[in-house]
*Asks:* 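First the structure, which I've put down as structure tokens, then a few questions once you've had a look.
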Amino acid sequence: MEQISHRREFLKVSAALGGALVFEFSFPIGSVAADGAATAAAGVPVAEVTAWIVIHPDERVVIRIARSEMGQGTLTALAQLVAEELDCDWANVHTEFASPNEHFRRNRVWGSMSTGGSMGVRSSQDYVRKAGASARAMLVAAAAARWGVSADGCRVDKGVVTHGPSGRTLRYGELAADAAAFAPPKDVPLRDPKDWKIAGKPVHRLDIPDKVLGKPVFAVDVALPGMLHASISQCPVFGGKIASVDARDAQKMRGVKKVVREEGFVAVVADSWWRANQALKKVKIRWDVGENGGASNETIAKMLRDGLAQEKLAQVRSLGDVEAGIAGAAKIVEAEYRSPYLNHATMEPQTCTAWFKPDGFLEIWTSTQNGEASMTAAAQVSGLPLERIEVHKMMLGGGFGRRGGPQDFIRQGVAIAKAMPGVPVKMMWSREEDMRHGFYRPASIVRMKAGLDAQGRVIAMHTRIACPSILRVLMPDAPLRGGIDFTAVRAFNDMPYTVPNQQVDYAMRNGHVPVGFWRGPGQQNEFYRECFIDELAVSAGRDPVEYRLAMLADGDKNRLVLEAVAKAAGWGTPPAAGLHRGVAAANGFGSYAAMIAEVSVSAKGEVVVRRIVVAIDSGHVVNPDTCRAQAESNVVYGLGPILYQENNVKDGRIVESNFHDFRLPGISEMPKVETVLVPSGGFWGGHGEPAILPLAPAVCNAVFRATGKRIRSLPLAHHDLRAA
């Protein structure tokens with residue numbers, strides 16, 4: 001019951017602050033004890049039918065969501081799946097985040113809490129649907145028991161159980177307490193998607209009305225009585241550490257409470273973030289940058305090219321005899337492509353509020369893509385057991401992978417708060433700190449060589465990839481089979497096109513810049529592959545859509561989306577004057593996508609992406625509106641890296657510091673996006689990332705048709721695209 005008292009204390013604090021934090025609190029109405037029993041708050045009876053579902057007497061159905069919501073719609077989609085099988089009235093559905101602390105206490109009852117890789121729905125759909133179906137069966141059993149009849153004679157519709165022969169009815173709110181006493185059935189049938197009434201429909205997202213009114217609390221919004229603020233400075237060269245600190249001037253400044261020094265950072269704690277940040281600028285820090293102080297774009301490129309030059313590399317794929325195929329080719333085409341590092345550039349900087357309470361309990365408020373991982377990181381730094389830690393999951397102001405694997409901001413926030421026991425401390429990075437201390441999309445270089453026969457068909461293809469390993473950085477102890485990181489080689493290790501002779505080699509080259517999962521990990525490989533396929537089509541004198549289709553078997557889902565997008569975009573008809581089209585196809589994150597981009601290029605070389613048409617097959621679609629919104633989100637997020645975004649390295653440090661030199665696309669740059677959903681059924685794919693995969697190659701292939709200039713590196717800002 002100890003945990004319940006902590007929650008009730010927090011609710012009282014929230015109410016005193018105007019109730020702003022209640023929306024995001026894990027269990028705002030009722031709490032759940034470690035044994036799983038439902039308890040009451042403010043005298044309101046609460047019935048936990050299962051760990052996933054709480055039903056109130058007034059028919060409110062609260063569905064617990066284990067995944068994070070970062071604007072992608074996962075919260076609503078998961079609620080739809082549960083509500084579909086529960087067969088409740090959608091108008092009565094509410095959601096709350098499952099507590100990581102309770103998750104640990106209850107033997108991980110809610111499954112995975114990680115949200116990334118477009119896995120939120122597709123990896124949990126089975127067990128969340130069963131949770132709803134099990135609760136429905138328990139509610140029907142409770143009604144049948146009350147009436148003394150067989151459950152077989154009862155039916156459910158919108159939260160009302162009806163006994164067919166007698167016509168008697170009972171509402172879920174009347175049955176919930178009784179149903180909670182029944183054991184969940186061991187096996188429950190799930191509805192066929194063709195019979196869905198809530199899932200598969202474009203229902204309005206549950207989080208949007210409150211977001212429009214500014215009600216949800218993000219990590220940067222957390223405000224607790226007596227809370228202090230911390231601003232942080234880390235070594236500008238990755239891997240460096242503190243040599244010396246002189247904080248005397250800072251400690252004299254108004255509002256400053258403490259200067260915290262750790263091996264890799266210095267933080268100032270004050271009564272406001274502004275004062276903390278201003279005082280931090282007065283701290284004299286001498287950094288020991290180590291051996292990485294001379295790293296630059298040039299040394300990193302050399303590191304990657306040295307990897308490609310090695311004779312023996314880890315072999316990712318080997319089909320047929322590539323050497324013989326290329327030797328016997330009528331034509332050989334070769335190209336080298338490259339991409340820079342990229343920051344996630346989340347609108348909400350990394351933030352963590354931590355409170356070491358007098359009774360030895362640690363509470364944390366943060367925006368995280370993995371509540372479990374955040375709690376584990378907090379335990380490692382605090383030295384407390386997991387049962388003495390709670391992580392309150394806030395809404396995320398952008399994730400894109402940054403708030404998933406790396407838990408650096410949690411570790412820092414906890415370390416700073418540990419130096420200020422008994423007081424809540426909110427640590428928030430400055431924008432400059434956020435830009436220069438990310439876990440970046442890897443820079444990479446790829447060389448491709450293909451042999452064509454006399455008819456222009458690809459008979460052999462050899463690919464060499466030099467790229468850092470995300471897995472080696474984020475999971476250094478995890479074994480990599482054959483020294484291969486699948487995130488670095490995707491799109492080539494499973495290329496969908498039929499090529500009889502293929503070889504893919506990988507050179508793992510880890511520099512000092514930390515790399516991490518960036519929306520669509522490995523998506524730059526689609527840029528390389530699909531632009532190179534376009535080069536081969538041009539070399540063969542073939543239409544790029546037909547060229548791809550010729551390498552895809554009938555019935556192949558890659559073929560399905562390519563045909564769908566070509567039809568939707570009117571590929572066979574000329575574009576409007578001044579517009580040029582490019583095409584690309586990609587599969588990943590459980591789904592298949594194909595895209596056609598229409599661009600214009602002015603006489604001054606200015607590229608404008610006018611129209612994007614994308615077709616996606618994700619097997620099943622839970623909320624069509626959300627899926628279309630995700631495709632649009634992929635486009636706007638992916639436009640910046642195509643047009644002008646990059647992170648450069650000089651003197652061992654990231655050059656870019658804010659949005660003035662790491663631009664975000666503006667509203668005026670957003671093209672018209674048309675999304676064609678072609679779910680073929682039978683599998684569950686994701687929507688958070690698939691549409692970003694073909695974006696860069698589709699745009700760059702269109703730029704080639706506009707200018708005749710082949711784009712083999714990004715961003716486009718580095719290329720002279722003026723008319724000759």
Side-chain angles (χ1 to χ4, degrees), residues 297 301 304-305 333-342 441-450 463-467 491-492 520 522-540 542-545 547-548 575 578-586 594-612 614 634-648 663 665 669 671 691-724:
N297 285 355
L304 295 173
R305 288 203 167 94
V333 181
E334 298 183 73
E336 178 183 287
Y337 281 73
R338 64 185 187 276
S339 293
Y341 291 110
L342 280 175
R441 189 197 74 175
S444 64
I445 298 178
V446 171
R447 288 177 183 156
M448 294 162 286
K449 184 177 185 180
T463 304
R464 304 201 111 199
I465 303 166
C467 182
F492 289 108
Q523 48 77 35
Q524 60 269 45
N525 285 352
E526 266 88 7
F527 163 55
Y528 306 149
R529 187 192 76 193
E530 288 299 299
C531 284
F532 188 62
I533 292 293
D534 223 59
E535 290 196 51
L536 301 182
V538 170
S539 182
R542 300 279 300 280
D543 175 87
V545 169
Y547 195 71
R548 287 171 171 81
L579 295 183
H580 305 269
R581 292 183 184 135
V583 65
M595 181 177 288
I596 290 174
E598 289 186 356
V599 309
S600 64
V601 182
S602 71
K604 296 180 179 179
E606 299 165 329
V607 176
V608 179
V609 182
R610 303 288 183 178
R611 179 191 183 209
I612 294 291
V614 58
N634 274 264
V635 170
V636 71
Y637 191 77
L639 272 182
I642 296 171
L643 298 175
Y644 32 66
Q645 286 175 359
E646 62 181 334
N647 284 114
N648 295 285
R663 286 176 56 193
E669 295 173 280
I692 203 171
L693 303 179
L695 180 64
V699 169
C700 290
N701 289 336
V703 169
F704 169 76
R705 277 163 184 78
T707 65
K709 298 177 180 179
R710 184 61 68 181
I711 306 301
R712 296 194 180 101
S713 66
L714 293 174
L716 290 174
H718 289 312
H719 297 271
D720 183 357
L721 300 175
R722 291 173 295 181

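It should be emphasised that the depicted structure is a prediction, and the values quoted were computed from it without experimental measurement.
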*Asks:* Atom CD1 of Ile642 and atom CG of Leu695: how far apart are they, to the nearest 0.5 Å?
*Replies:* 3.5 Å

*Asks:* Can you tell me how far the CZ atom of Arg464 sits from the CE atom of Met448, to the nearest 0.5 Å?
*Replies:* 14.0 Å

*Asks:* Working to the nearest 0.5 angstrom, can you tell me the gap between Tyr547 OH and Leu536 CG?
*Replies:* 5.0 Å

*Asks:* Can you name the nearest heavy-atom pair linking Leu643 to Val607, along with the distance?
*Replies:* CD2-O, 4.4 Å

*Asks:* What closest approach, in Å, do Arg441 and Ser339 show between heavy atoms, and which atom pair accounts for it?
*Replies:* NH2-CB, 3.2 Å

*Asks:* Between atom CZ of Arg447 and atom CZ of Arg305, what is the distance when rounded to the nearest 0.5 Å?
*Replies:* 6.5 Å

*Asks:* So, do Val599 and Val699 sit near enough that their side-chain heavy atoms are less than 4.5 Å apart?
*Replies:* yes

*Asks:* For Glu526 and Ala586, work out which heavy atoms get closest and say how close.
*Replies:* CG-CB, 3.4 Å

*Asks:* Please name the pair of heavy atoms, one in Ala537 and one in Pro544, separated by the smallest distance, quoted to 0.1 Å.
*Replies:* CB-CA, 4.0 Å

*Asks:* Roughly how far, to the nearest 0.5 Å, is the CZ atom of Phe527 from the CG atom of Asn701?
*Replies:* 9.0 Å

*Asks:* Using the salt bridge (Lys or Arg N to Asp or Glu O under 4.0 Å) definition, which of the options Arg581, Arg705, Arg610 pairs with Glu598?
*Replies:* Arg581

*Asks:* Counting heavy atoms not belonging to Arg338, are there more than 12 under 6.0 Å from its CZ?
*Replies:* no

*Asks:* Provide the closest heavy-atom pair for Pro641 versus Leu714 in the form atom of the first, atom of the second, distance.
*Replies:* O-CB, 3.9 Å

*Asks:* Would you say Pro575 and Arg611 make side-chain contact, with heavy atoms under 4.5 Å?
*Replies:* no

*Asks:* Hey, are the side chains of Leu304 and Cys467 touching, using non-hydrogen atoms and a 4.5 Å cut-off?
*Replies:* no

*Asks:* Say whether, by atom type as modelled, one donor and one acceptor occur between the side chain of Gln645 and the main chain of Arg663 under 3.5 angstrom.
*Replies:* yes

*Asks:* Check whether any side-chain heavy atom of Val635 lies under 4.5 Å from a side-chain heavy atom of Pro671, and answer yes or no.
*Replies:* yes

*Asks:* How far does CD1 of Ile445 sit from OH of Tyr337, to the nearest 0.5 angstrom?
*Replies:* 14.0 Å

*Asks:* One thing to verify: whether Arg548 and Asp534 come together as a salt bridge, which I'm taking to mean a side-chain N less than 4.0 angstrom from a carboxylate O.
*Replies:* yes

*Asks:* Quick one: closest heavy-atom pair of Pro665 and Gly640, and the distance?
*Replies:* CG-N, 3.6 Å

*Asks:* If we only count heavy atoms from C-beta on, is the Ile612 to Met595 side-chain gap below 4.5 Å?
*Replies:* yes

*Asks:* Quick one: do the Tyr528 and Thr463 side chains pair a donor with an acceptor below 3.5 Å?
*Replies:* no

*Asks:* Do Glu606 and Ser600 make a side-chain contact, defined as non-hydrogen atoms from C-beta onward lying under 4.5 Å apart?
*Replies:* no

*Asks:* Under a 3.5 Å distance rule, please check whether Lys709 uses its side chain to pair with a backbone N or O of Arg722 as donor and acceptor.
*Replies:* yes

*Asks:* Do Glu646 and His718 have side chains that get closer than 4.5 Å, going by heavy atoms?
*Replies:* yes

*Asks:* Keeping the roles fixed (side chain from His719, backbone from Arg710), state whether a donor-acceptor pair exists under 3.5 Å.
*Replies:* no

*Asks:* Less than 4.5 Å apart, any side-chain heavy atom of Phe532 and any of Val446?
*Replies:* no

*Asks:* Would you say the side-chain atoms of Glu530 pair up with the backbone N or O of Ala585, donor to acceptor, closer than 3.5 Å?
*Replies:* yes

